Number of protein chains: 2
Amino acid sequence: MVGKTLTRNDVARKAGVSPATVSYIINDGPRHVADSTREKVLQAIKELGYQPNAVARSLRMQKSNIIGLIIPDNKNTFFAEVALGVEQVAFENNFNVIMCHSAYKQEREMAYVDMLISHQVAGVIWIPCSQDVRAAQELKRFHKPFVLVDRVISNVNSPSIVVDNFQAGFQVTQHLVSLGHQKIGYIDRSVDMSNNMDRLRGYRAALEEANVKFDPNLVTRGGFRHEDGYAACKRLLSIQDPPTAIIAYNDMNAIGVMDAAHELGLRVPQDLSVAGIDNLAFSKYSFPPLTTVDIPKFEMGIASTKLLIELIKGDSQSEQIITCCTVHLKVRSSTSVPSTTPIRLIKSLIEME
Amino acid sequence: MVGKTLTRNDVARKAGVSPATVSYIINDGPRHVADSTREKVLQAIKELGYQPNAVARSLRMQKSNIIGLIIPDNKNTFFAEVALGVEQVAFENNFNVIMCHSAYKQEREMAYVDMLISHQVAGVIWIPCSQDVRAAQELKRFHKPFVLVDRVISNVNSPSIVVDNFQAGFQVTQHLVSLGHQKIGYIDRSVDMSNNMDRLRGYRAALEEANVKFDPNLVTRGGFRHEDGYAACKRLLSIQDPPTAIIAYNDMNAIGVMDAAHELGLRVPQDLSVAGIDNLAFSKYSFPPLTTVDIPKFEMGIASTKLLIELIKGDSQSEQIITCCTVHLKVRSSTSVPSTTPIRLIKSLIEME
DNA sequence: TTGTAAGCGTTATCAC
DNA sequence: GTGATAACGCTTACAA
């Protein structure tokens, strides 16, 4: 090939058949083709090095084989792993994935939804970053099937794949309570999405079940980064009756908590128990004091894409089916309630500042 | 819209103009349109909620606004950050990114290259995972501009964005030598790509400059994961004359080294200096003993995509221009050569096993 | 079993 | 300044 694009017609001419026949061979249907003809055509395709034009196909079919994936931040291992699961299933099913990075911005989500519609995508996998319904409405208006992942949006009826965040919060709290902790600090995110709200409900339910009174002062809000955990820990340890254990939002967050604790002279877990929900850390050896609830990110990507492809193929209406992936508590060290002495000590240290 | 797709014709009819006029307004050219007409049309677009069909456009233009991105593993922060840079520049320039995950497999790269060609992509950003030239040849055959990132392929003439891996290896080695280390262990990858070969050259050059004899026994090969560092460290510490410092492939790897060292009762960095090239760890507080050379991953993504877009627009022939992003040594702790006692101790411990 | 041809929604080259 | 119309490469209903 030089200037001219190689098309199905070229293949047909070379093989001495009609373009339609070439189509039937490439698509393996819907019409049957004689073996001898098939042979000739496949030979011609090979010799010419022909690649079918997916764009022309999409135009004709009014639908491309592209799946849109909208994630808030690919740098975050959580989302990156979901993306990997999506890509895997897509690849296996001959779909391609357009990567859309919302950067936690609603207007970018919106811009991407329009772009995806413009590309006639077959469907969309979406980890939303707000409770805004407009992007979802737009997708519905154009009859694009979509699956929400990790968070659900109130007032949006659509299939969703989430993890059992309630259980995540419940299990980790229950574990700490079983070790004797009564004052358990909790780091919540500052934005209200379904996932963190569910986790907090789990935390409260576990406390209630154990007849531990819920103390709002033990709940602090922040982000999920290392520095947020660091700050949250300092905040929690400076209150009147400081916690003996802290539940962080995720590992990154938890390491921040641990670093703050170490800086204050507290040993983890002897003086302060630290637990995380969602294991982001790559090292399985480096943070023995840390107990976490594992979130199956890759599996969420897999499950959501399988579901989406079903929706695409069946073209059934998307009803709201919420599928929960199970979570697993991973206890790395069990330490019961520390003597309160070091905490008191720290408290006074902080007050002196 | 219900069953029927909303097209440019609908807009034209509604606005009482011809479809061509609508085109000129949407594309802002190549023909001028009277302001009053423009107003009418924009109004109609808004009222109908019309989205242009990118697929039809791509077919007509013989080229889509999609950029293919081939990366080995999105779970690895390194590649995920490159991807983020790519996506950002693409978004700013109205390109979309198809995410292709090669899983380090040459045949998957190949499959994706064909898929991308089929989608009439405008160009490809590619982090290759082997020295195989076939995928590159295929891209050239279809006149697809592409940019290699992080690694170059011998015998493939194409623009490449890499970091100065030689400097990375050189600087970190020089730093350790300046602390007095003479026996510096080096963990190399087991696959030969340009990046690790360049780093090793840097290591050797720094040794030579300091008149330290290169000892092949101090170089061990493995992967870049945590466990690989762990194993490599044990291997390096068990040789006749064990190193007093170890250069790991990246942070993940380095933490494995540290964990192995800790397990053997060695304190880092007092008893063993550990350095990494490429900071993957999210925590800036947690690993104070670790000195690294930072690799600007995001910036590589940015630079490569800017270059690719230039190639796409200028449609200039891709010559081999290798652009190096600079690297920065980040010293977190400086410890000179430890007494050899603990090393000896460990050595005998290992031998006893 | 195979060939012919209409049409998918654009863009661009004609006319007017 | 604007309107008609011929491609772009493919799928598939309809002929043969």
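Naming convention: chains lettered A, B, ... in sequence-line order (proteins, then strands); numbering from 1 in each chain. Bear in mind that the values here come from a model prediction, so they are computed numbers and not experimental data.
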Nucleotide D:dG3, atom P - distance to CG of B:Asn9 in whole Å: 12 Å
Donor-acceptor pair, side chain of B:Ser118 and main chain of B:Asp114, under 3.5 angstrom: no
Between C1' of D:dC8 and CD of B:Gln120, the distance in whole Å: 10 Å
Selection from D:dT2, C:dG9, D:dC10 that lies nearest to any side-chain heavy atom of A:Thr7: D:dC10
Spacing between A:Glu39 atom CD and C:dT1 atom C1', to the nearest angstrom: 17 Å
Step-by-step side chain to side chain donor-acceptor pair (under 3.5 Å) determination, A:Asn74 to B:Asn74: CA-CA 8 Å; A:Asn74 196 50; B:Asn74 196 51; 3.0 Å; yes
Side-chain N,O (A:Ser23) to OP1/OP2 (D:dT12) below 4.0 Å: no
N or O in side chain of A:Asn27 less than 4.0 angstrom from D:dT11 OP1/OP2: yes
Touch class at under 4.0 angstrom, heavy-atom based, for A:Pro52 against every strand present: sugar-phosphate
Gap between atoms CD1 and C1', on B:Ile25 and C:dT10 respectively (whole Å): 15 Å
Whole-Å distance separating the NE2 atom of A:His32 from the P atom of D:dT12: 18 Å
Touch class at under 4.0 angstrom, heavy-atom based, for A:Val55 against every strand present: nothing
Below 4.0 Å: OP1/OP2 of D:dG9 and any side-chain N or O of A:Arg57: no
Closest nucleotide among D:dG9, D:dT11, C:dG9 to the B:Asn53 side chain: C:dG9
Length of the line joining A:Gln62:CD and C:dG9:C1', which is rounded to integer Å: 8 Å
Base D:dA7 to side chain B:Arg60, donor-acceptor N/O within 3.5 Å cut-off: yes
Main-chain N/O of B:Thr7 paired to B:Asp10 side chain as donor or acceptor, under 3.5 Å: yes
Sugar-phosphate, base or nothing in reach of A:Thr37, heavy atoms under 4.0 Å: sugar-phosphate
Distance, rounded to the nearest Å, where B:Lys63 contributes NZ and C:dT11 contributes C1': 15 Å
Phosphate OP1/OP2 of D:dG3 contacted by B:Thr21 side-chain N/O (<4.0 Å): yes
A:Leu59 side chain, from C-beta outward: closest of C:dT1, C:dC8, D:dT11: C:dC8
A:Arg38 versus A:Tyr24, side-chain donor and acceptor atoms under 3.5 Å: no
Of A:His143, A:Lys144, A:Glu138, the residue whose pairing with A:Arg141 passes side chain to side chain contact (heavy atoms under 4.5 Å, CB included): A:Glu138
Side chain of B:Arg8 - closest among C:dT10, D:dG3, D:dC10: C:dT10
Side-chain N,O (B:Tyr50) to OP1/OP2 (C:dT10) below 4.0 Å: yes
Rounded interatomic separation in angstrom, taking CG from A:Asn65 and P from D:dC10: 14 Å
Selection from D:dT12, C:dT2, C:dA12 that lies nearest to any side-chain heavy atom of A:Ala20: D:dT12
Out of C:dG3, C:dT1, D:dG3, whichever nucleotide has its closest atom nearest the side chain of A:Ala34: C:dT1
Positive for side chain to side chain contact (heavy atoms under 4.5 Å, CB included) with B:Val124, one of B:Ile117, B:Ile70, B:Val147: B:Ile70
Donor-acceptor pair present, B:Tyr24 side chain and C:dT10 base, under 3.5 Å: no
A:Thr5 side-chain N/O to D:dG9 phosphate OP1/OP2 under 4.0 Å: yes
